[in-house]
Chemist: 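I am attaching a structure below and will ask some questions about it afterwards.
Just so it is clear, the values below take in all heavy atoms, side chains as well, and ignore hydrogens, waters and symmetry mates. Every value quoted in this text rests on a predicted model; they were computed, and no experiment measured them.
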Amino acid sequence: MNYSLNLRSLFRPTVSIVTVTLLSGLSLVGCNSNQPTVKTAPATPQIQNSVTPSNNTSSATLKNLQAAYNGESNAHARYLAFSQKATDEGYLQVAALFQAAADAEAIHAANHGAVIRKLGATPEAKIETPTVKSTAENLQEAIKGESYERDTMYPQFIEQARAEGNQDAVVTFTYAIDAEKQHANLYTQAKDNLNDWQEAKITFYVCPECGYTTNTLGFTNCPDCNTAENLFLSVA
């Protein structure tokens with residue numbers, strides 16, 4: 001699924017700025033020598049957005065964008081905390097998965113924020129302290145959250161955005177829903193094979209443009225947004 005809208009100049013500078021903010025400012029866990037390592041993509045030149053913001057600041061789509069921005073920002077913080085817990089319990093492969101998903105959620109938040117700004121509003125998120133349980137319970141909670149976004153939240157948001165003719169919102173919501181499908185599948189694999197997910201043997205890859213998440217690189221460009229595979233973030 002490949003979207004060829006003029007959103008790359010809109011999203012790319014915001015992704016690099018907001019992702020850094022989320023990865024540092026929203027982090028609720030401390031540094032740990034066993035924490036999965038992240039290979040970041042090369043810095044991207046900032047491109048000024050010359051699009052005139054819309055005055056439609058009271059639309060349902062804007063409210064949905066704000067809700068999604070808040071949700072993805074909190075998911076980022078929650079998955080970082082879950083990653084730390086998995087490390088503490090010796091599930092290093094699960095820790096890497098949660099770290100990769102946290103990176104993807106930060107990218108989704110950045111993309112949502114870019115569209116919010118285009119509509120003339122300011123992205124807002126209230127970061128709540130995550131409830132952290134056992135790794136098995138955290139995986140179940142993550143599956144529940146991703147399934148809700150995949151099956152209920154984002155489909156409704158996409159339908160509303162289409163009804164209002166906001167194609168930018170359709171694209172950022174579609175990027176997110178595609179990644180949430182992948183996250184739910186990976187979390188389910190981890191939950192069903194938890195004992196095999198102690199040693200980190202798998203590398204996860206995250207598209208820095210749309211958050212597409214995979215453990216297999218069998219393509220030249222991202223299936224969702226066409227970003228070059230060699231720019232993908234890697235978490236192992």
Side-chain angles (χ1 to χ4, degrees), residues 1-3 5 7 11 22 59-83 86 94 97-113 115-116 123 125-128 130-194 197 204-207 209-216 222-225:
M1 190 176 298
N2 192 332
Y3 299 90
L5 298 178
L7 292 181
F11 288 167
L22 287 170
S59 70
T61 294
L62 178 56
K63 293 177 182 177
N64 292 341
L65 284 162
Q66 291 284 19
Y69 179 82
N70 183 77
E72 299 289 5
S73 299
N74 274 280
H76 168 82
R78 183 164 57 253
Y79 291 159
L80 286 181
F82 287 178
S83 179
V94 180
L97 172 56
F98 276 131
Q99 177 66 64
D103 291 349
E105 309 301 11
I107 292 164
H108 297 158
N111 287 347
H112 297 340
V115 181
I116 290 170
K126 180 180 179 181
I127 307 303
E128 301 176 358
T131 299
V132 181
K133 300 180 180 179
S134 68
T135 295
E137 291 172 303
N138 292 339
L139 282 167
Q140 189 60 53
E141 181 65 23
I143 293 169
K144 179 180 177 181
E146 301 289 347
S147 298
Y148 167 72
E149 292 184 348
R150 176 196 65 198
D151 300 334
T152 303
M153 188 184 86
Y154 278 123
Q156 292 177 355
F157 287 0
I158 291 170
E159 181 180 5
Q160 185 67 55
R162 283 177 176 155
E164 293 187 357
N166 191 325
Q167 189 62 13
D168 291 348
V170 170
V171 172
T172 189
F173 289 151
T174 302
Y175 283 168
I177 195 175
D178 287 349
E180 311 311 4
K181 293 174 183 177
Q182 297 151 10
H183 295 168
N185 290 337
L186 289 168
Y187 287 147
T188 300
Q189 292 177 31
K191 179 183 69 72
D192 292 344
N193 302 277
L194 192 55
W197 282 60
F204 298 100
Y205 303 94
V206 181
C207 176
E209 189 81 22
C210 68
Y212 180 89
T213 308
T214 182
N215 59 358
T216 304
C222 176
D224 275 0
C225 70

Chemist: Atom CD1 of Ile158 and atom OG1 of Thr172: how far apart are they, to the nearest 0.5 Å?
Modeler: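 One finds 10.0 Å between CD1 of Ile158 and OG1 of Thr172.
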Chemist: Can you see which heavy atom on Phe157 is nearest to which on Ala67, and at what distance?
Modeler: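 Answer, listing the atom of Phe157 first, then Ala67: CZ-CB, 4.2 Å.
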Chemist: Donor-acceptor check, side chain of His108 to backbone of Cys210, threshold 3.5 angstrom: yes or no?
Modeler: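 Indeed, once roles are kept as given, a pair shorter than 3.5 Å links the two residues.
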Chemist: If every non-hydrogen atom of Glu209 is compared with every non-hydrogen atom of Ile107, which pair is closest and at what distance?
Modeler: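 Shortest heavy-atom separation between Glu209 and Ile107 comes out as O-CG2, 3.7 Å.
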Chemist: Is there a donor-acceptor pair under 3.5 Å between the side chain of Asn70 and the backbone N or O of Gln66?
Modeler: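 No: the side chain of Asn70 does not pair with the backbone of Gln66.
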Chemist: Return the minimal non-hydrogen interatomic distance between Ala106 and His76, and the atom names on each side.
Modeler: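 Heavy-atom minimum between the residues: CB-ND1, 3.7 Å.
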Chemist: Would you give the length of the straight line joining atom OH of Tyr175 to atom CG of Asp224, rounded to the nearest 0.5 angstrom?
Modeler: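 Taking OH in Tyr175 and CG in Asp224, the distance rounds to 7.5 Å.
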Chemist: Mark yes or no for whether Thr216, through its side chain, and Thr214, through its backbone, hold a donor-acceptor pair below 3.5 Å.
Modeler: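 No, Thr216 side chain to Thr214 backbone: no donor-acceptor pair under 3.5 Å.
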Chemist: State which residues pass side-chain contact (heavy atoms from CB on, under 4.5 Å) with Gln189; sequence neighbours excluded, sorted by chain then number.
Modeler: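 Partners of Gln189 under the side-chain contact (heavy atoms from CB on, under 4.5 Å) test: Leu186, Trp197.
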Chemist: Using side-chain heavy atoms (C-beta onward) and a distance below 4.5 Å, is His183 in contact with Glu105?
Modeler: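 Answer yes - side chains close enough.
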Chemist: Tabulate below the donor-acceptor pairs under 3.5 Å that side-chain atoms of residues 148-155 make, not counting sequence neighbours, or state none.
Modeler:
| unit_1 | atom_1 | unit_2 | atom_2 | d |
| --- | --- | --- | --- | --- |
| Tyr154 | OH | Glu72 | OE2 | 2.5 |
| Tyr154 | OH | His112 | NE2 | 2.9 |

Chemist: Applying side-chain hydrogen bond (donor to acceptor under 3.5 Å, both in side chains), name anything that partners Tyr212, two or more places apart in sequence or on another chain.
Modeler: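 Testing Tyr212 for side-chain hydrogen bond (donor to acceptor under 3.5 Å, both in side chains), a comparison that skips the adjacent residues, returns none.
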Chemist: Determine yes or no for a side-chain-to-main-chain donor-acceptor pair under 3.5 angstrom, with Asn74 supplying the side chain and Glu128 the backbone.
Modeler: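 Yes: the side chain of Asn74 pairs with the backbone of Glu128.
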Chemist: How far apart are the closest heavy atoms of Ile116 and Pro123, and which atoms are they?
Modeler: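 Taking every non-hydrogen atom into account, CG2-N, 3.7 Å.
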Chemist: Which pairs of donor and acceptor atoms, one on a side chain in residues 134-144, lie under 3.5 Å apart (sequence neighbours left out)?
Modeler:
| unit_1 | atom_1 | unit_2 | atom_2 | d |
| --- | --- | --- | --- | --- |
| Ser134 | OG | Glu137 | N | 3.2 |
| Ser134 | OG | Glu137 | OE1 | 2.9 |
| Thr135 | OG1 | Glu89 | OE1 | 2.6 |
| Glu137 | OE1 | Ser134 | N | 3.1 |
| Asn138 | OD1 | Lys133 | N | 2.9 |
| Asn138 | ND2 | Lys133 | O | 3.2 |
| Asn138 | ND2 | Ser134 | O | 3.2 |

Chemist: So, for Val170 and Ala161, which heavy atoms are closest and what is the spacing to 0.1 Å?
Modeler: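 It is CG2-CB, 3.7 Å.
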Chemist: Using the test ring pair (Phe, Tyr, Trp, His ring centres under 6.0 Å), find all partners of Tyr79 that sit at least two apart in sequence or belong to another chain.
Modeler: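 If we apply the ring pair (Phe, Tyr, Trp, His ring centres under 6.0 Å) test to Tyr79, skipping adjacent residues, the hits are Phe98, Tyr187.
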Chemist: Just jot down the side-chain contact (heavy atoms from CB on, under 4.5 Å) partners of Asp192, sequence neighbours excluded, or say none.
Modeler: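 Only Thr188 meet the side-chain contact (heavy atoms from CB on, under 4.5 Å) criterion with Asp192.
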Chemist: Ser73 and Ile127: which non-hydrogen atoms are nearest, and at how many Å?
Modeler: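 Heavy-atom minimum between the residues: CB-CD1, 3.7 Å.
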